[in-house]
Amino acid sequence: MTDEPAVRELRLVVTADDYDAALRFYRDVLGLTERAAFSSADGHVTILDAGRATLELTDPHHAAFIDEVEVGRRVAGHVRVAFQVDDSAATTAKLAAAGAEVVAEPTRTPWNSLNARLEAPGALQLTLFTELGDQG
């Protein structure tokens, strides 16, 4: 057995009906760095760097608990994208101004982070979270 990881990168692929609007939102407003872009007669694809990636698996009961904490009711589908940001309140306002629908304003969670929920381009439900650590 080797210590080398079997998987080198997690890439979430989103098909957005309005590609240009989604690209502006995630690259220009949220601030994901463009790593590569390709186009052909058949369309476009842009790969955006979102920092370190993890895959968070949850069962339906815990997913409902997370929705209850962040939103107050069950709202997410089976996929939700979470971005750790420096200031979830400011980022929520910035993304809302760019067209995201705020589902729930930032709220402090039992696991001591400040989480907000949005509906964003590409039909994605986003959690923006800021780790609070020992802050009050």
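Because the structure is predicted, anything quoted here is derived from the model rather than measured. Along the sequence shown, the residues carry numbers beginning at 1.
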| query | Does a side-chain heavy-atom distance below 4.5 Å link Thr33 with Leu48? | reply | no
| Any side-chain heavy-atom pair from Asn112 and Glu131 closer than 4.5 angstrom? | no
| request: Heavy atoms only: give me the nearest Glu105-Val102 pair and the separation to one decimal. | output: OE2-CG1, 3.7 Å
| query | With side chains defined as the heavy atoms from C-beta onward, is the minimum distance between Asp67 and Arg73 less than 4.5 Å? | reply | no
| field | Value rounded to 0.5 Å, distance of OG in Ser88 from CZ in Arg108 | value | 11.0 Å
| request: Ignoring hydrogens and angles, state whether a donor on the side chain of Arg80 or Thr127 is under 3.5 Å from an acceptor on the partner side chain. | output: yes
| Is any side-chain heavy atom of Leu118 closer than 4.5 Å to a side-chain heavy atom of Thr92? | yes
| said: Run the side chain to side chain donor-acceptor pair (under 3.5 Å) test on Glu70 and Thr109 for me, step by step, so that the C-alpha distance in whole Å, both residues' side-chain angles and the decisive distance to 0.1 Å come before the verdict. | reply: CA-CA 7 Å; Glu70 291 182 5; Thr109 67; over 6 Å; no
| task | Hey, can you tell me if Tyr19 and His44 have their rings parallel, tilted or perpendicular (30° and 60° cut-offs)? | result | parallel
| query | Can you tell me if CG on Asp59 sees more than 12 non-hydrogen neighbours from other groups inside 6.0 Å? | reply | yes
| field | Hphob cluster co-occupancy, Leu12 + Leu32, side-chain heavy atoms under 4.5 angstrom | value | yes
| message | Taking the basic N atoms (NZ, or NE/NH1/NH2) and the acidic carboxylate oxygens, is any pair closer than 4.0 Å for Arg35 and Glu9? | response | yes
| said: Quick check: closest heavy atoms across Ala63 and Thr58, and the distance to 0.1 Å? | reply: N-OG1, 3.4 Å
| Same apolar cluster: Val14 and Leu95, side chain cutoff 4.5 Å | yes
| request: For Thr46 and Tyr26, run side chain to side chain donor-acceptor pair (under 3.5 Å): C-alpha distance rounded to whole Å, both residues' side-chain angles, the deciding distance at 0.1 Å, then the answer. | output: CA-CA 11 Å; Thr46 301; Tyr26 291 103; over 6 Å; no
| message | Do Ile66 and Arg74 have side chains that approach each other closer than 4.5 Å (heavy atoms only, starting at C-beta)? | response | no
| Out of curiosity, does Val85 fall in the hydrophobic cluster containing Val29 (side-chain heavy atoms, cut-off under 4.5 Å, transitive links)? | yes
| request: Working to the nearest 0.5 Å, report the span between CG of Asp87 and CG of Leu128. | output: 10.0 Å
| said: Rounded at 0.5 Å granularity, tell me how far CG in Leu126 sits from CG in Asn115. | reply: 12.0 Å
| query | Is there side-chain contact between Thr91 and Phe83, with heavy atoms separated by less than 4.5 Å? | reply | no
| said: Can you tell me how far apart CG (Leu132) and CG (Leu114) are? Round to the nearest 0.5 Å. | reply: 5.5 Å
| said: For Arg8, is the CZ atom crowded, meaning more than 12 foreign heavy atoms sit under 6.0 Å from it? | reply: yes
| How long is the span from the CZ atom in Arg27 to the CD atom in Glu34, to the nearest 0.5 Å? | 5.0 Å
| request: Work out which heavy atom in Ala16 is nearest to a heavy atom in Gly122; give both atom names and the distance. | output: CB-CA, 4.0 Å
| request: Taking Lys94 for its side chain and Leu30 for its backbone only, find out whether a donor-acceptor pair lies under 3.5 Å. | output: no
| remark: Closest heavy-atom pair, Pro106 versus Ala89, reported as atoms and distance to 0.1 Å, is CG-CA, 3.6 Å
| Is a side-chain N or O of Ser113 found less than 3.5 angstrom from the main chain of Phe129, in a donor-acceptor match? | no
